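Scroll down for the structure; my scribbles are underneath it.
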Amino acid sequence: MDAKELIARRVARELRDSTLVNLGIGLPTLVAHYVPEGMLVAFQSENGIIGFGSRPPDGMEDPNLTDAGGGFISALPGAYAFDSATSFALIRGGHLDMTVLGGLQVDARGHLANWLVPGKMVAGMGGAMDLVAGARRVVIAMQHAAKGTAKIVPELTLPPTAARPVSLVVTDLAVIEPTPEGLVLRERAPGVSVEQILALTTAPLILPDTVPEMTL
Amino acid sequence: MDAKELIARRVARELRDSTLVNLGIGLPTLVAHYVPEGMLVAFQSENGIIGFGSRPPDGMEDPNLTDAGGGFISALPGAYAFDSATSFALIRGGHLDMTVLGGLQVDARGHLANWLVPGKMVAGMGGAMDLVAGARRVVIAMQHAAKGTAKIVPELTLPPTAARPVSLVVTDLAVIEPTPEGLVLRERAPGVSVEQILALTTAPLILPDTVPEMTL
Amino acid sequence: MRKAISAEQAAAMVPDGASVMVGGFMGVGSPHRVLAALVARGARGLTVIGNDTSRAGHGIGVLIDAGCVARCIVSHIGLNPVTQQKLIAGEMEVELVPQGTLAERIRAGGAGLGGVLTPTGIGTVVQDGKQVVTIDGRDFLLEKPLRADVALLHCYEADYYANLTYRLTAQNFNPLMAMAADLVIAEPDEVVPIGVIPPDHVRTPGVLVTHLVKRPH
Amino acid sequence: MRKAISAEQAAAMVPDGASVMVGGFMGVGSPHRVLAALVARGARGLTVIGNDTSRAGHGIGVLIDAGCVARCIVSHIGLNPVTQQKLIAGEMEVELVPQGTLAERIRAGGAGLGGVLTPTGIGTVVQDGKQVVTIDGRDFLLEKPLRADVALLHCYEADYYANLTYRLTAQNFNPLMAMAADLVIAEPDEVVPIGVIPPDHVRTPGVLVTHLVKRPH
């Protein structure tokens, strides 16, 4: 299983029945493939739809129906299309049970940076600041480290996305939960040791007595 | 011609082609009957429709389609139905070319009172405060006096509807325009003298050299 | 998929003393069957938020008649003499709010905004006790968001997911209230299978609706 | 009744230096024919307000490529390297606004509200230089309304009155922008007779639309 699939499968275990969930562009999108059998989750795409499905059959693509990255999608029976003010009223108003976003850095207090690398990459925050400020649960899905450089750090060196800490961080190595006491290491990826995780994490981690392997 | 018809006919002459106009409950509603031939005016009812028509044929009434007073109306081809936030976004946002409202009092600076008589009648402001604050032109359609008591007064004795003065006052006796200099008597009703108007007006009126009769 | 409940079951979910948003404008677009059930169960001490108190015997008026309401937050009571009598007799509190401000306060409550900055009400009694914010030289009233324990809605169609449509002027405050309450109960005229309402015609998504009342028979 | 204009006529109505709202999200729901005509007429110095700058050669991206844009107010430029290059080279200004804040600022501009009170951006660079308003113990950023000289919209259907519908995710910012500009130009996929769009399906009323562009052939 590659790293992205592992992360997506573990994040999918955070899904709950009859909830509304937003998936960010990129890796988070993969989570939709691993919804547990029999569970009804409504996925929101912030460009204006609840209840979208995967890419339509060849030749059936509609230029008026895409995800937030501009990729063709389909709509499931019972879908709902809406404008951008409604989209963010749903997000900011606390109607979103969960959002899954990518991350560039998470710090020891659970703060996220994911939209700007000064002097290098100016992406823009898009919907990320509203999502972190407004969703009930914010789950970060990201590689644990970038080419050997830690992304889970004592203090953000990149501009923060919000003042509010995220709820959970899922990486290819670990599941980490920000708490008022600090970052708690909750789970290890299959075959990964606590030592391996600590070696690629510069933020202090609280280690419970047992750190079980992820169930996928 | 009775007083109400006279007022409605004179107000109708303020209508302009291709405009959006809101008519208040009661007397103002009559204005819709006197739209000049060939002129296209879109009437808004603040309970949620642009492009409504008169009461439908017997047996065709729809409990889901009424004016702001709860009376049955019809919808014209090309009508638009909307929610209350949209309704007042149109009103407050300056998209309404004109509103016609009833009045209890108008004072020497053109301020309107039309929603409360303390200790006697508590109607509530409904949409009136938003309409006076937001419409481009506010035309008041009312009887000049109430049983011999002046309604156009030096200072409001009733609670004001807005800090903003109205644009024009049309009564069964006169057309009066509030200006920064004061209330200007613009027109007399057919057969009514300036003296008769002054006798039923306690606010000072500015009298131009000529005060023509209304054209209806 | 939802299991529709009866109007009586819906009424039982509205506790005495609750704040309750009720859709409708002069009773048009109000959930009449749930309101009748609330009267039947003898609800007491409600704070009702709605556009108006309709007229006696109709819409929110039935709650006023039956003494269910301790307080209401509305824009207009002029066509309901019972409301006026109870107000004057001190049997009921009435907070009057300009209609556009009421709509925006409910929208803000549902959209997670901190308040509404409106020119409406400046220089009137509506301004009393409120913060005035000057923005680029113009004054605006800061009006607080409104939320409620329960929203009681009327809709035209509902599908099995509780996606809702509204009809003509019966829409009014209903879609705003669907966003602004902890418990949202919708009373449809019609129930249709999933997929019958196209995505562009849904006005309130099922994810916002807690319970759907059975269609009338 | 309206007389439809050509995309070229529409582009001629957008003066150099104007502020222009452009509907669309990654080019989906953007008025592509009017944008191409703006490039063809060599528009210069525009301030463009939109969700994003799409990608090179697409949507708002064609205006960036052609050097029509002096400044843009958007939420995202991450998928358009040309925007990033011009920003870094100092050839273009970019004001980044959180997407939900951008939507509400445009809505406020169209709805006559004095501003937006949002929790989004608190504790980030978005807060710099802005007023923080504390309401019931919680902090909100005061964000100013946005309006423009011109709004360029895409829609699905238009009738002869210029009542508009939108389709699926091509709706996005279009109906908000229809409320917030002095001149509103809509580019439809289809034109239909009056009465074909039911009142409950109209999303932007014709009274807001100044000009309608001919349908494509």
Side-chain angles (χ1 to χ4, degrees), chain A residues 25-26 45-49 52 62-75 79-94 111-116 118-134 156 158-165, chain D residues 23-29 32 51-55 58-59 74-80 83-84 87-88 94 96-108 110-111 118-127 139 154 156 166-177 189 203-204:
Chain A
I25 309 181
S45 189
E46 68 264 30
N47 58 321
I49 190 163
F52 60 92
D62 179 347
N64 291 321
L65 180 56
T66 70
D67 61 25
F72 293 120
I73 54 173
S74 60
Y80 165 53
F82 43 87
D83 68 36
S84 297
T86 304
S87 185
F88 285 86
L90 287 166
I91 289 169
R92 202 193 306 100
H111 290 152
L112 171 72
N114 74 342
W115 67 281
L116 181 68
K120 207 168 147 198
M121 188 277 289
V122 186
M125 64 294 281
M129 286 191 177
D130 296 281
L131 283 159
V132 179
L156 296 181
L158 301 174
T161 302
R164 179 185 171 205
Chain D
F25 194 117
M26 282 303 294
V28 177
H32 298 291
N51 181 62
D52 55 69
T53 57
S54 192
R55 47 182 211 268
H58 186 68
V74 293
S75 78
H76 199 263
I77 60 171
L79 300 173
N80 190 331
T83 309
Q84 302 208 27
L87 168 63
I88 289 162
V94 176
L96 289 169
V97 181
Q99 199 170 122
T101 300
L102 184 64
E104 281 300 317
R105 289 178 65 190
I106 295 169
R107 184 180 181 276
T118 179
T120 302
I122 288 277
T124 76
V125 296
V126 170
Q127 184 177 331
D139 285 349
H154 169 264
Y156 177 54
Y166 306 98
R167 189 167 175 82
L168 298 165
T169 57
Q171 186 173 178
N172 54 70
F173 283 77
N174 285 294
L176 306 173
M177 291 173 171
D189 281 350
R203 289 296 174 114
T204 293

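All values below were derived from every heavy atom in this structure, side-chain atoms included, with hydrogens, water molecules and symmetry-related copies excluded. Predicted model, so just to flag it, every value in this text is computed and none were measured. Note on naming: letters A, B, ... go to the chains in the order of the sequence lines (proteins, then strands), and numbering restarts at 1 for each one.
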For His154(D), is it the side chain, the backbone, both, or neither that has a heavy atom closer than 4.5 Å to a heavy atom of chain A?
side chain
Residue Pro160(A) versus chain D: region with a heavy atom under 4.5 Å:
both
Ala85(A) versus Arg107(D), closest heavy-atom pair with distance
CB-CD, 4.4 Å
Counting only non-hydrogen atoms closer than 4.5 Å, does Asn51(D) touch chain A with its backbone (N, CA, C, O), its side chain (CB onward), both, or neither?
neither
Mind checking the CG-OG1 spacing from Leu112(A) to Thr124(D)? Nearest 0.5 Å is all I need.
11.5 Å
For chain A, which candidate among Gly59(D), Pro98(D), Ala103(D), Ser54(D) shows the most heavy-atom pairs at distances under 4.5 Å?
Pro98(D)
What part of Thr86(A) gets closer than 4.5 Å to chain D, counting heavy atoms only: side chain, backbone, both or neither?
neither
Considering only NZ, NE, NH1 and NH2 on the basic side and carboxylate oxygens on the acidic side, decide whether Arg167(D) and Asp62(A) come within less than 4.0 Å.
yes
Begin with the C-alpha distance, continue with both residues' side-chain angles, and end with the deciding distance and a verdict on side chain to side chain contact (heavy atoms under 4.5 Å, CB included) for Asn174(D) and Asp83(A).
CA-CA 8 Å; Asn174(D) 285 294; Asp83(A) 68 36; over 6 Å; no
Main-chain N/O of Gly48(A) paired with Thr169(D) side-chain donor or acceptor, under 3.5 Å
no
Check Ser84(A) against Leu176(D) and note the closest heavy-atom contact, atom names and distance.
CB-CD1, 4.3 Å
Once you round to the nearest 0.5 Å, how far does NE2 of His76(D) lie from CD1 of Ile25(A)?
5.5 Å
Segment of Ala81(A) engaging chain D (4.5 angstrom heavy-atom cut-off):
both
Which value, rounded to the nearest 0.5 Å, describes the distance between Leu168(D) atom CG and Ile49(A) atom CD1?
5.5 Å
Chain D contact via Ser87(A) - side chain, backbone, both or neither, heavy atoms under 4.5 Å:
neither
For the residue pair Val94(D) and Val122(A), establish whether any side-chain heavy-atom pair is separated by less than 4.5 Å.
no
From CZ (Phe88(A)) to CD (Gln99(D)), nearest 0.5 Å
3.5 Å
Roughly how far, to the nearest 0.5 Å, is the CE atom of Met129(A) from the CD1 atom of Ile122(D)?
11.5 Å
Do you know which of Gly78(D), Gly27(D), Pro119(D) has the most heavy-atom pairs with chain A at a distance under 4.5 angstrom?
Gly78(D)
Of the listed Tyr166(D), Tyr156(D), Phe173(D), the one with the largest count of heavy-atom pairs under 4.5 Å with chain A is Phe173(D)
Which atoms of Ile91(A) come close to chain D, meaning under 4.5 Å heavy atom to heavy atom: side chain ones, backbone ones, both, or neither?
neither
Counting heavy-atom pairs under 4.5 Å to chain A, which of Val97(D), Leu96(D), Val28(D), Asn172(D) comes out on top?
Asn172(D)
Please classify the contact of Leu87(D) with chain A as side chain, backbone, both or neither, using a heavy-atom distance under 4.5 Å.
side chain
For residues 67-75 of chain A, dump all side-chain donor-acceptor pairs below 3.5 Å to protein atoms at least two apart in sequence or in another chain.
{"unit_1": "Asp67(A)", "atom_1": "OD1", "unit_2": "Gly69(A)", "atom_2": "N", "d": "2.9"}
{"unit_1": "Asp67(A)", "atom_1": "OD1", "unit_2": "Gly70(A)", "atom_2": "N", "d": "3.1"}
{"unit_1": "Asp67(A)", "atom_1": "OD1", "unit_2": "Gly71(A)", "atom_2": "N", "d": "2.9"}
{"unit_1": "Ser74(A)", "atom_1": "OG", "unit_2": "Ser54(A)", "atom_2": "O", "d": "2.8"}

Which heavy atom of Ala163(A) sits nearest a heavy atom of Gly123(D), and at what distance?
CB-CA, 4.2 Å
Within the distance-only criterion (no hydrogens, no angle test), does the side chain of Asn47(A) pair as donor or acceptor with the backbone N or O of Phe25(D) below 3.5 angstrom?
no
Donor-acceptor check, side chain of Arg92(A) to backbone of Gly100(D), threshold 3.5 angstrom: yes or no?
yes
Does the side chain of Met125(A) reach to within under 4.5 Å of the side chain of Val126(D), using non-hydrogen atoms?
yes
